[in-house]
Number of protein chains: 2
Amino acid sequence: MSPDNGSKTTRDRLLEVAETLFAQKGYDAVSVRKITTAAGCNLAAVNYHFGNKKTLYLNVFRERWVSRAQRIRACFEENLTGCDDTSPASVIQSLAEALIKGPLTDKERLFHFQLMTREIIKPTEAFEIVLEETMKPSFEGLGQLLQPYLHESIDEERTLLNILSIFSMVLYFNFARLPVSKIIGHAYDQPFKDRLVQHIVDFSLSGLPVKEDAR
Amino acid sequence: MSPDNGSKTTRDRLLEVAETLFAQKGYDAVSVRKITTAAGCNLAAVNYHFGNKKTLYLNVFRERWVSRAQRIRACFEENLTGCDDTSPASVIQSLAEALIKGPLTDKERLFHFQLMTREIIKPTEAFEIVLEETMKPSFEGLGQLLQPYLHESIDEERTLLNILSIFSMVLYFNFARLPVSKIIGHAYDQPFKDRLVQHIVDFSLSGLPVKEDAR
DNA sequence: ACGTATATCAAACGAACGTTTGATTGTCAA
DNA sequence: TTGACAATCAAACGTTCGTTTGATATACGT
């Protein structure tokens, strides 16, 4: 035990602070000194509790990122339970709401996507954790939910491409909030999030709203 | 002039090498020493030609990234000229092909998206260059092309959301090639790229291929 | 041939990096 | 009260960082 800066253990404070800094600045731009200073503990604490900087980074994913992804997944399933059916419209709306409005605070959501995107750009061991523990199970589950509603002629690859397309929109509108804000001209307030979810559902079900006589 | 390692000026070699390394590893993970060693010149060359490391990074965008984005845009316009019309189908196909197959080599495309994504995650001055010189003009042009074909009731925000949705797919299938590959189970070979472009066109025009009786 | 930019070089600057060490503290069973 | 263990600490290790300096080499107008 310890005198406890802020009522949490040094180990927990290190994980929390490290996640914030790694998400905001990236692995290489964050020093062990900055982490330990922000966590209010000694420089050697990282090596004492985690062995080295890299293991601390991996534990941020193991102990914080994955559990947050599971909270999003639980929210999706809760949303879906609240629907009348499991039609594609219900599934997509539940998914979009879980990710865009969802159970995470704005900060949590930002850090979550920053960490994930950094791993996509430049994968480390943490990418395998993300892929195996959250992405693959999610895609498999969505496939089984949507498959019965799709044309029989649609093969497995097309089904996956459809799911990936929905995911791409949800992810893009989340992780690229800055350019999206600058282009649409306003911030992500609650009414816009509502319109955004509705747009994703509409677009996913019908594509562009093209005039009949112009197709 | 100089003895010219590799028939290009030291300045050009620095820009080329710096772009590769910045894209692969990120700004903070690349040292001036690694850049100058890879470029086969002296450590002080960066400060002589660009003043400092940060200005070198910005010039990578100004002199290399933007011009490559313009090559993609030119390819899009060339694709569209080859079409019979400027219908949404033609526009989307031209766009998807310009970005996914397009004029860039695999390496160029990878670096291009890595640099852009890093700026979206953690914007620097370079983000303004990307936004003003390529994103805003592109979105404006696409809006004017598609607007005539969309329902009159669609307001400006909905039009932008539609364009952003198409963009999100194209960007995602490009920059997230690694997780996409791992999920669909094979690499980005030419036949798959063709199917991918077709899927993006289909999905953008009609959304999910849902059975009529299941809607 | 000479003087002047332009370009490249080796060497060094102080600062910050990840990690290790050994001493010091607090806690609790014996 | 004592001994053992877990946790924290200040201090130092060697390395690498971005940048600066002053010397050297090359090209070109005069």
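Chain letters run A, B, ... following the sequence lines, proteins first and then strands; every chain starts at 1.
Between B:N42 and the phosphate of C:dA10, there is a side-chain N or O to OP1/OP2 separation shorter than 4.0 Å. Residue A:T10 places none of its side-chain N or O atoms closer than 4.0 Å to OP1 or OP2 of D:dA7.
Not less than 6.0 angstrom separates the ring centroid of B:Y172 from the ring centroid of A:Y172.
For residues 104-144 of chain A, the ring-ring contact (aromatic ring centres under 6.0 Å, His included) pairs, not counting sequence neighbours, are A:W65-A:H112, A:F139-A:F167. Applying the side chain to side chain donor-acceptor pair (under 3.5 Å) test to every pair with at least one member in residues 177-195 of chain A, sequence neighbours left out, gives these pairs: A:K101-A:D194, A:N174-A:R177, A:K182-B:E128, A:H186-B:E157, A:R195-B:E157.
If you check residues 19-36 of chain B against DNA chain C, the residues with a heavy atom closer than 4.0 Å are B:R33, listed by number. Residues of residues 43-51 of chain B that place a heavy atom closer than 4.0 Å to DNA chain C, in numerical order, are B:L43, B:A44, B:Y48, B:H49. Residues from residues 52-60 of chain B placing a heavy atom under 4.0 Å of any atom in DNA chain D, listed by number, are B:N52, B:K53.
A donor-acceptor contact closer than 3.5 angstrom is absent between the side chains of B:H49 and B:T10.
For the helix from C:dT4-D:dA27 to C:dA30-D:dT1, the angle separating the two terminal helix axes comes to 0°, with each axis derived from five pairs and the value rounded to 10°.
Judged by the 6.0 Å distance and 45° axis criteria, B:K122 is not positioned over the aromatic ring of B:Y27.
Salt-bridge formation is detected for the pair A:E63/A:R11: a Lys NZ or Arg NE/NH1/NH2 atom is positioned less than 4.0 Å from an Asp or Glu carboxylate oxygen.
Of the candidates B:I92, B:I200, B:V197, B:I200 is the only one forming a side-chain contact (heavy atoms from CB on, under 4.5 Å) with B:V170.
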